[in-house]
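Both backbone and side-chain heavy atoms feed into the values below; hydrogens, waters and symmetry mates do not.
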Amino acid sequence: MTDTAEAGSGGTPANITVTDDATMKRAVGAAAVGNITEWFDFGVYAYLATTIESNFFPPGPLAQIGVFAGFAVSFLVRPLGGLFFGPLGDRIGRTKVLSITVIMMAVGTFLLGFIPPYSAIGIWAPILLVLCRVVQGFSTGGEYAGAMTFIAEYSPDRRRGFFGSFLECGTFIGYALGATVATVIPLVSSPEFASTWAWRIPFFIALPLGITGVYLRVKLEETPAFQTLLSESEEREGTQAGAGIKTLFTKYWPVMFIAGGIVMAWNIPNYMLTSYMPTFLEEDVTRTGGQAIDSTTSQITQIIILWVVVFIIPALGRLSDRIGRKPLMLTAAIGTIVLAFPMIYLVTLGSVALVGVSLAVMALMLILFSATSPSTLPALFPTEIRYGGLSITFNIFVSAFAGTTSLIMSALVIGTGWAYWPAVYLIFGGLAGLVAVIALRDPAGRPLPGSNPSVSTPEEARELEATGATARG
């Protein structure tokens, strides 16, 4: 049950939202399944990068750059998706828009599996690949920020870190699932089938995942915060797009930079670990004079780490509800800055154990942000522009600085022969995050701006009323 109670209704205090655990579980599942779909595609694409290179691009030294350009192009259109879907979510509702974005993502991934190879259709192979990535990127522009908004607006104030962290569980489950499928299928297939159709199977799996996401999302009511916004603005459905964007850039631009710094510190390590490290360990490390480990061993090591962190993230989210978001974020930002060069040094030594240690440390720095950011970023914007403000800000900074990580690192490492460009970029992200977190007002335990206080039970609501803390955030 989700209820924003009226005065005197059933003994529940007025102006306090009560969301029970059963409703929260459905909300978390509905939001996370879209994230699983999105990152399943990223995992498949990253782990099949060499296969995509050989199938969709002409042979030559620029083929690898072409693969990562295909990955990066989806990020170039993400801000456009954020500009379109974000304000739309503030106007017609979170649930409707999130149902559209998840099926678009799934269809784009599904169609990618049908593209004929370069040997059959020539230049049309990379062109069709790019078109599928554009569909994926445009829909993703409204997906992730919307999912953060959705969970944050459903969550009780004192447990928002815990519930928000499950969104990132969806990220790592999706990526690990995609990486696992992409790794296992070639091992259990004949060489001929693996090189022709077996590698396409993971892309086909995205469609049933997307259909499941739509089903879960349409079964849920709109978030309590958005329902309250509608009840106070009966003459319109929600925030007008133009007015929301104008308010964002004129009044909330300092908040956008704080959010952007957090996004950079969170997502640069994210894409470094999940999209570039598989290729760095398999190909680029030897180009810089380092020693590579067996590609299958490298993939299995990364997959194990990804599955392990799925179980750690909720514990960190719960911890952030107790001690605040800032201590965990500061630890991650400083740790990334200090440990960047040692992490990259270890992966160049050719030792499976040291590679595992390095990737595990990188993953730990990442998940300290992953567990806290989904509950922190929505708390920076008021309800009437939350979806749009977060979508636009998140996608601008992800597209400009994080989603292009593989492309930039591959070009720099191949072009210069220096192995430590990833360390330099990690430090850059860590510094951006450090500045942003220092400027951040810790949102742990507070109501979202412009929203009623939110609790898990009527008893908590009455307790909150007794303390007099029923004002909006």
Side-chain angles (χ1 to χ4, degrees), residues 34-49 51-53 55-57 63-86 97-98 100-115 124-147 170-171 174-175 178-179 182 200 202-203 205-207 209-210 213 263-264 266-268 270-276 278-279 390-411:
N35 223 28
I36 291 173
T37 303
E38 174 186 351
W39 280 90
F40 178 83
D41 163 60
F42 287 160
V44 170
Y45 195 95
Y47 274 77
L48 291 177
T51 302
I52 292 172
E53 176 182 332
N55 274 271
F56 293 152
F57 293 90
Q64 181 180 315
I65 302 296
V67 173
F68 287 132
F71 185 86
V73 72
S74 66
F75 291 90
L76 298 179
V77 298
R78 276 180 68 157
L80 299 177
L83 279 167
F84 178 79
F85 287 116
V97 172
L98 285 171
I100 297 170
T101 57
V102 70
I103 198 64
M104 282 184 65
M105 278 193 313
V107 169
T109 304
F110 180 74
L111 292 178
L112 195 153
F114 284 100
I115 301 174
W124 280 104
I127 290 175
L128 292 175
L129 173 67
V130 167
L131 290 176
C132 287
R133 298 295 297 171
V134 165
V135 172
Q136 293 168 329
F138 189 76
S139 58
T140 302
E143 167 63 30
Y144 191 72
T171 293
Y175 193 91
R200 299 176 183 268
F203 293 104
I205 296 174
L207 189 59
L209 284 176
V263 169
M264 290 170 62
W266 171 21
N267 282 278
I268 287 175
N270 188 5
Y271 289 99
M272 190 72 72
L273 176 68
T274 59
S275 66
Y276 181 61
T279 297
L390 190 49
S391 291
I392 293 168
T393 303
F394 184 85
N395 288 297
I396 285 174
F397 282 89
V398 164
S399 299
F401 298 105
T404 53
T405 296
S406 297
L407 178 62
I408 294 171
M409 291 302 98
S410 183

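Asn55 places a side-chain N or O within donor-acceptor distance of the main-chain N or O of Thr51, the cut-off being under 3.5 Å. Between the side chain of Arg78 and the backbone N or O of Phe394, no donor-acceptor pair lies under 3.5 Å.
Evaluation of the ring pair (Phe, Tyr, Trp, His ring centres under 6.0 Å) rule for Phe203 yields no partner, not counting sequence neighbours. For Phe138, the ring pair (Phe, Tyr, Trp, His ring centres under 6.0 Å) partners are Phe84, Phe85, not counting sequence neighbours. Take Ser410 and apply the side chain to side chain donor-acceptor pair (under 3.5 Å) test, not counting sequence neighbours, and it matches Gln64. For Ala63, the side chain to side chain contact (heavy atoms under 4.5 Å, CB included) partners at least two apart in sequence or on another chain are Glu53, Phe57. Annotation: side chain to side chain contact (heavy atoms under 4.5 Å, CB included) contacts of Pro278 (sequence neighbours excluded): Tyr47, Tyr175, Gln302.
Contact between Ser391 and Gly146 at its shortest, heavy atoms only, is OG-N, 4.4 Å. Contact between Thr101 and Gly142 at its shortest, heavy atoms only, is CG2-C, 4.0 Å. Across all their heavy atoms, Thr37 and Gly210 have their closest contact at OG1-N, 3.9 Å.
Counting heavy atoms from C-beta on, the side chains of Thr171 and Tyr144 come closer than 4.5 Å.
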Counting only pairs under 3.5 Å, give me each side-chain donor-acceptor contact of residues 397-405, with atom names and distances, residues two or more places apart or in other chains.
residue : atom : partner : partner atom : Å
Ser399  : OG   : Phe75   : O            : 2.4
Ser399  : OG   : Asn395  : O            : 2.7
Thr405  : OG1  : Ala402  : O            : 2.6

Acceptor/donor pairs from residues 103-113 side chains to any protein atom, 3.5 angstrom cut, sequence neighbours excluded:
residue : atom : partner : partner atom : Å
Thr109  : OG1  : Met105  : O            : 3.1
Thr109  : OG1  : Gln136  : NE2          : 2.8

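Rounding to the nearest 0.5 angstrom, the gap separating the CD1 atom in Ile52 from the CZ atom in Arg200 is 10.0 Å. For the atom pair CD1 (Ile205) and CZ (Phe40), the distance works out to 4.0 Å, reported to the nearest 0.5 Å.
Applying the salt bridge (charged side-chain N to carboxylate O under 4.0 Å, His left out) definition to pairs two or more places apart or across chains, those involving residues 133-143 are Asp41-Arg133, Glu143-Arg217.
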Kindly indicate, with the supporting measurements, whether the criterion side chain to side chain contact (heavy atoms under 4.5 Å, CB included) is fulfilled by Val130 and Val134. CA-CA 6 Å; Val130 167; Val134 165; 4.2 Å; yes

One pair to check against side chain to side chain contact (heavy atoms under 4.5 Å, CB included): Ile115 and Cys132. What are the steps and the verdict? CA-CA 9 Å; Ile115 301 174; Cys132 287; 4.1 Å; yes

